[in-house]
Amino acid sequence: MKSLFSSWQAWALLSAAFAALTAIFAKIGIENVNSDFATFVRTIVILLAIGLMLFLTGNWQAPATVSGKSWLFLVLSGLATGASWLCYFRALKLGNAAQVAPVDKLSVVLVAVFAVFFLGERLTLAHWAGVVMVACGAVLLAMKI
């Protein structure tokens with residue numbers, strides 16, 4: 001069991017499962033709620049849950065031990081996350097979860113492209129084929145047929 005939870009694959013699958021539940025719970029929860037307010041509530045819940053987890057696990061880190069570069073990019077990441085959540089909840093308010101979520105997952109395609117250009121990562125031909133298939137799958141799921 002210990003090796004399972006030290007695997008990035010296990011954590012990534014759990015992330016996907018929780019992301020799927022996020023879409024379902026959010027779609028139900030925003031039925032009669034403004035999407036921006038719903039994002040605000042969600043953010044407070046996340047903040048409290050992670051604060052509790054840091055307390056229980058003893059993983060709090062003194063802010064002074066974080067480098068300026070890390071602070072900058074963590075803040076930028078937080079702003080991007082907030083913008084993503086606002087857009088996602090607005091899309092869920094307006095559309096079907098089964099169509100919104102796959103379009104949102106085009107982030108997988110964008111991460112691959114951005115990782116190559118900004119982080120210098122290299123993808124094999126098989127990886128690029130997977131990126132194209134994810135993109136095509138998202139488009140097919142988003143279409144009203």
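Just so we're clear, the structure is a prediction, and the values are computed from it rather than from any experiment.
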Chemist: More than 12 foreign heavy atoms under 6.0 Å from CG of Leu125: is that the case here?
Modeler: no

Chemist: Ignoring hydrogens, what is the shortest heavy-atom contact between Val66 and Gln61? Give both atom names and the distance.
Modeler: CG2-NE2, 3.7 Å

Chemist: Test of understanding: clusters of I, L, V, M, F, W, Y form through side-chain heavy atoms closer than 4.5 Å, transitively. Do Leu110 and Phe118 belong to the same one?
Modeler: yes

Chemist: When you check the side-chain N and O atoms of Ser84 and Thr81, is any donor under 3.5 Å from an acceptor?
Modeler: no

Chemist: Please check if atom CZ in Arg42 has more than 12 non-hydrogen atoms from other residues, nucleotides or ligands closer than 6.0 Å.
Modeler: yes

Chemist: Surrounding CD of Glu31 (heavy atoms of other residues, nucleotides or ligands, distance under 6.0 Å), is the total greater than 12?
Modeler: no

Chemist: Over all heavy atoms of both residues, which pair between Pro102 and Ala138 is shortest? Give the atoms and the distance, please.
Modeler: O-CB, 3.3 Å

Chemist: If Ile, Leu, Val, Met, Phe, Trp and Tyr residues are connected whenever their side-chain heavy atoms lie under 4.5 Å apart, and connections chain through other members, are Val33 and Ile44 in the same group?
Modeler: yes

Chemist: When rounded to the nearest 0.5 angstrom, what distance separates CG in Leu13 from OG in Ser7?
Modeler: 8.0 Å

Chemist: Kindly give the heavy-atom pair with the smallest separation between Ala97 and Leu92, and that separation in Å.
Modeler: CA-CD2, 3.7 Å

Chemist: What's the separation between atom CD1 in Ile30 and atom CZ in Arg90, rounded to the nearest 0.5 Å?
Modeler: 10.0 Å

Chemist: When you group the ILVMFWY residues by side-chain heavy-atom contacts below 4.5 Å and let the links chain together, are Phe40 and Leu86 in the same group?
Modeler: no

Chemist: Can you tell if the side chain of Asp36 reaches within under 4.5 Å of the side chain of Phe89, non-hydrogen atoms only?
Modeler: no

Chemist: Decide yes or no on side-chain contact (heavy atoms from CB on, under 4.5 Å) for Thr39 and Thr43, but give the supporting numbers first.
Modeler: CA-CA 6 Å; Thr39 302; Thr43 303; 4.2 Å; yes

Chemist: Could you check whether any side-chain heavy atom of Phe55 comes within less than 4.5 Å of a side-chain heavy atom of Ile50, counting everything from C-beta outward?
Modeler: no

Chemist: Of all heavy-atom pairs between Val131 and Ala112, which one has the smallest distance, and what is that distance?
Modeler: CG2-CB, 3.6 Å

Chemist: Please determine whether side-chain contact (heavy atoms from CB on, under 4.5 Å) holds for the pair Met53 and Leu56, giving the CA-CA distance in whole Å, both sets of side-chain angles, and the decisive distance to 0.1 Å.
Modeler: CA-CA 5 Å; Met53 185 172 43; Leu56 293 175; 5.9 Å; no

Chemist: State, with a plain yes or no, whether a side-chain heavy atom of Ser35 is found less than 4.5 Å away from one of Tyr88.
Modeler: no

Chemist: Return the minimal non-hydrogen interatomic distance between Val103 and Ala142, and the atom names on each side.
Modeler: CG2-CB, 3.3 Å

Chemist: Quick one: pull up CG in Asn96 and CG in Leu141 and give me the separation to the nearest 0.5 Å.
Modeler: 12.0 Å

Chemist: Just do the side-chain contact (heavy atoms from CB on, under 4.5 Å) check on Val45 and Leu48 with the steps written out, would you?
Modeler: CA-CA 5 Å; Val45 170; Leu48 293 173; 6.0 Å; no

Chemist: Count the heavy atoms of every other residue, nucleotide or ligand shown that sit under 6.0 Å from CH2 of Trp11, and state whether that count exceeds 12.
Modeler: no

Chemist: For Met143 and Gln99, work out which heavy atoms get closest and say how close.
Modeler: O-NE2, 3.6 Å

Chemist: Cluster question for you: counting only ILVMFWY and a side-chain heavy-atom cut-off of under 4.5 Å, with indirect links fine, are Leu123 and Phe117 together?
Modeler: yes

Chemist: Do the side chains of Val111 and Phe114 join up, straight or via other hydrophobic residues, at under 4.5 Å, putting them in one cluster?
Modeler: no

Chemist: Got a donor-acceptor contact below 3.5 angstrom from the Lys105 side chain to the Ala135 backbone?
Modeler: no

